[in-house]
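The structure appears right after this line, and notes come after that.
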Amino acid sequence: MSTFGTLFRVTTFGESHCAGVGCIVDGVPPLMALTEADIQPQLSRRRPGQSALTTKRDEKDLVRIMSGTEHGVTLGTPIGLTVPNEDMRPGDYGSMSDIPRPSHADYTYQYKYGTKTSSGGGRASARETIGRVAAGAIAEKFLRLRYGVEIVAWVSSIGDIEMKEDVVDTITRERVDSHPTRCPDAAVADQMTALVQECRNAEDSVGGVVSCVIRNSPVGLGEPCFDKLQATLAHAMMSIPATKGFEIGSGFRGTTQRGSAHNDMFVRKGDRLGTVTNNSGGVQGGISNGEPIVLRVAFKPPATIGKEQATVTYDGTSAVLAAKGRHDPCVVPRAIPIVEAMAALALAE
C-alpha cells in the first residue's frame with residue numbers, strides 16, 4: 001500500500017521517471033500556518049546533486065501546495081503536495097530492461113504485478129520518498145508548535161567507519177549539515193568521504209547507519225499491545241527504501257548486558273519522573289516515558305552499481321549487468337531528512 005497512518009494519514013504517489021511525485025496528507029489540524037516555505041527546507045536537504053557524494057541527477061524538488069490551505073493557513077481538509085520530475089533520463093535503463101538488477105525490486109515487482117516500470121525503480125525508487133519528506137515537514141511543524149518536539153538525525157556510520165561521540169543531547173541540524181556526509185564528527189566524516197569516493201571510483205556502493213533523536217516527546221504516546229510506539233517507529237523506518245535494520249535504545253547491544261546494568265533507574269525531574277540512563281530509548285512498555293527517543297536505522301549498499309555483475313535475464317539466460325545511469329554510491333547522507341520525516345509522521349499518528 002502507499003498509505004501510512006490512520007489519524008494522521010499520508011498517501012504518496014509517483015514514480016522515478018514520471019511527470020512528478022507528491023502526496024496527500026489527511027488529518028492536519030485547521031488554523032495552522034503553512035506555506036511551501038515550511039516544507040521546502042527538508043526537501044532541499046533530501047534532493048539529489050547536493051555534493052560529489054550523491055547522484056548527479058539534477059532536480060530542484062520545488063514543492064507546490066495544491067489544496068488544503070487558504071491564505072497560508074490550513075483548512076483541516078486534505079493537503080495535496082506535488083513536486084515535478086525535471087531531469088528524467090529513462091534511456092539510461094534500456095540495456096537493463098531484460099535483466100533484473102541484483103538486490104533491487106525489479107524481479108519482485110515483475111513477479112507480483114506482471115509488469116514494472118521500464119525506467120528507474122518506479123515506486124521502489126528513492127524519488128517516492130519526496131512525498132514522505134514533504135508530509136513529514138508538516139507533521140514536524142505540528143509537533144513543534146503543539147509540544148516543542150525536536151527531531152534530529154545524523155550519519156553515525158558508513159561501512160566500517162563509525163563515530164563514537166555521544167551527541168544525543170547536543171546534536172543540531174546545523175551541525176549535521178556542516179559536512180557533506182552529515183556525520184557531525186569532522187575527523188570521522190573525512191574518513192567516510194574517502195570511503196564513499198573510493199566506492200564511487202570503483203563503480204561500487206556502501207551502506208551505513210542513520211541515528212535519530214526525538215527530544216521533548218510527550219509522555220504516554222503508544223498503545224498496547226500491537227501499536228507500541230517502537231512498533232510504529234519500526235514500521236515507519238523499515239518502510240524507507242534500502243533499510244535493513246532498526247534499533248531503539250540499547251538495541252542489540254543491550255543483549256550483552258545484565259539487567260542490573262541495563263535497567264534505567266528512576267529519579268525526579270521537575271514535575272515528572274525521569275531516568276538516570278536511557279537504555280530504554282525513551283520507550284517503556286511500548287509507551288513514551290518523556291526521555292529522548294533514540295533510534296538507529298541500517299541502510300544497505302545501493303543495489304544499482306556500475307561494476308559488472310554476472311547474473312541472469314528474466315528467462316534465466318546468463319548475462320552480465322553493468323548498470324548505467326546516475327546513482328548514489330551511498331544513500332545515508334540523503335536519508336537524514338527521510339528518517340526525520342518518518343519519525344515525525346509516526347509521532348503525529
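Quick caveat, the model's predicted, so the values are computed rather than measured.
Sequence neighbours left out, the pairs with a member in residues 194-249 that pass ring-ring contact (aromatic ring centres under 6.0 Å, His included) are Phe4-His235. Every pair tested for salt bridge (Lys or Arg N to Asp or Glu O under 4.0 Å) that includes a residue from residues 71-82 fails, sequence neighbours excluded, so the list is empty. Listed by first then second residue, pairs satisfying salt bridge (Lys or Arg N to Asp or Glu O under 4.0 Å) with a partner in residues 223-238 number zero, not counting sequence neighbours. Each salt bridge (Lys or Arg N to Asp or Glu O under 4.0 Å) pair with one or both residues in residues 295-320, not counting sequence neighbours, appears once here: Glu247-Arg296. Listed by first and then second residue, the ring-ring contact (aromatic ring centres under 6.0 Å, His included) pairs that reach into residues 130-187 come to none, sequence neighbours excluded. Counting only residues at least two apart or in different chains, salt bridge (Lys or Arg N to Asp or Glu O under 4.0 Å) contacts with residues 5-17 comprise Arg9-Asp26.
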Query raised in the report: Should Leu233 and Ile293 be marked as a side chain to side chain contact (heavy atoms under 4.5 Å, CB included) after you check the CA-CA gap, both sets of side-chain angles, and the distance that decides it?
Result: CA-CA 10 Å; Leu233 285 166; Ile293 298 170; 4.0 Å; yes
Report task. Take Val188 and Glu165, measure what side chain to side chain contact (heavy atoms under 4.5 Å, CB included) needs, and give me the verdict at the end. Result -> CA-CA 10 Å; Val188 175; Glu165 182 184 357; over 6 Å; no
Query raised in the report: Step by step, would you call Val294 with Ser211 a side chain to side chain contact (heavy atoms under 4.5 Å, CB included)?
Result: CA-CA 7 Å; Val294 183; Ser211 295; 6.0 Å; no
**Report entry** Worked check of side chain to side chain contact (heavy atoms under 4.5 Å, CB included) between Gln40 and Leu62
**Finding:** CA-CA 7 Å; Gln40 191 60 52; Leu62 298 177; 4.0 Å; yes
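A donor-acceptor distance shorter than 3.5 angstrom exists from the side chain of Asn278 to the backbone of Gly282, with no hydrogens or angles considered. Thr243 places a side-chain N or O within donor-acceptor distance of the main-chain N or O of Ile240, the cut-off being under 3.5 Å. A donor-acceptor distance shorter than 3.5 angstrom exists from the side chain of Arg182 to the backbone of Pro333, with no hydrogens or angles considered. Looking at Thr35, its side chain never comes within 3.5 Å of a backbone N or O of Gly72 through a donor-acceptor pair. In terms of modelled atom types and a separation under 3.5 Å, the side chain of Asp264 and the main chain of Asn279 share a donor-acceptor contact. At distances below 3.5 Å, at least one donor-acceptor pair connects side-chain atoms of Asn216 with backbone N or O atoms of Gly148. Side chain of Ser103 to backbone of Ala303: no donor-acceptor contact under 3.5 angstrom is found. Panel note: side chain Glu36, backbone Arg64; no donor-acceptor pair is recorded below 3.5 Å. Although no hydrogens or angles enter the test, the distance criterion places a donor-acceptor pair under 3.5 Å between the side chain of Thr74 and the main chain of Leu31. Using a distance-only test at 3.5 Å, with no hydrogens or angles considered, a donor-acceptor pair links the side chain of Glu349 to the main chain of Leu7.
Here the CE atom belonging to Met265 is positioned 13.0 Å from the CG atom belonging to Leu273, to the nearest 0.5 angstrom. Once rounded to the nearest 0.5 Å, the distance linking CD1 of Ile305 with CZ of Arg101 reads 12.0 Å. Between the OG1 atom of Thr181 and the CD1 atom of Ile158 there is a distance of 6.0 Å, given to the nearest 0.5 Å. To the nearest 0.5 Å, the span separating CG on Leu347 from CZ on Arg146 amounts to 13.5 Å. Of the inter-residue distances, the one linking Thr313 atom OG1 with Leu321 atom CG reads 11.5 Å to the nearest 0.5 angstrom. For the atom pair Asp160 CG and Leu195 CG, the distance stands at 7.0 Å (nearest 0.5 Å).
The side chain to side chain donor-acceptor pair (under 3.5 Å) test applied to Lys269 returns Glu291, not counting sequence neighbours. When the side chain to side chain donor-acceptor pair (under 3.5 Å) test is applied to Thr129, the partners found at least two apart in sequence or on another chain are Arg46. Legend: residues meeting side chain to side chain donor-acceptor pair (under 3.5 Å) with Glu128, ordered by chain and number and at least two apart, are Thr12, Arg132. For the salt bridge (Lys or Arg N to Asp or Glu O under 4.0 Å) test, residues two or more places apart in sequence or in another chain that qualify with Lys141 are Asp38. Under the rule for a side chain to side chain donor-acceptor pair (under 3.5 Å), the partners of Thr3 that lie at least two apart in sequence or sit in another chain are Thr11. With sequence neighbours excluded, the residues satisfying salt bridge (Lys or Arg N to Asp or Glu O under 4.0 Å) with Glu340 are Arg45, Arg173.
Val219 and Leu229 fall into different hydrophobic clusters, where Ile, Leu, Val, Met, Phe, Trp and Tyr side chains are chained together by heavy-atom contacts under 4.5 Å. Follow the hydrophobic side-chain contacts under 4.5 Å out from Val155 and you reach Val168 in the same cluster.
In Arg144, the CZ atom is crowded: over 12 heavy atoms of neighbouring residues, nucleotides or ligands sit closer than 6.0 Å. More than 12 heavy-atom neighbours from other residues, nucleotides or ligands sit within 6.0 angstrom of OH on Tyr314. Counting non-hydrogen atoms of neighbouring residues, nucleotides and ligands closer than 6.0 angstrom, the OH atom of Tyr107 reaches no more than 12 such neighbours. Shown here is Arg258, whose CZ atom has no more than 12 heavy atoms of other residues, nucleotides or ligands within 6.0 Å.
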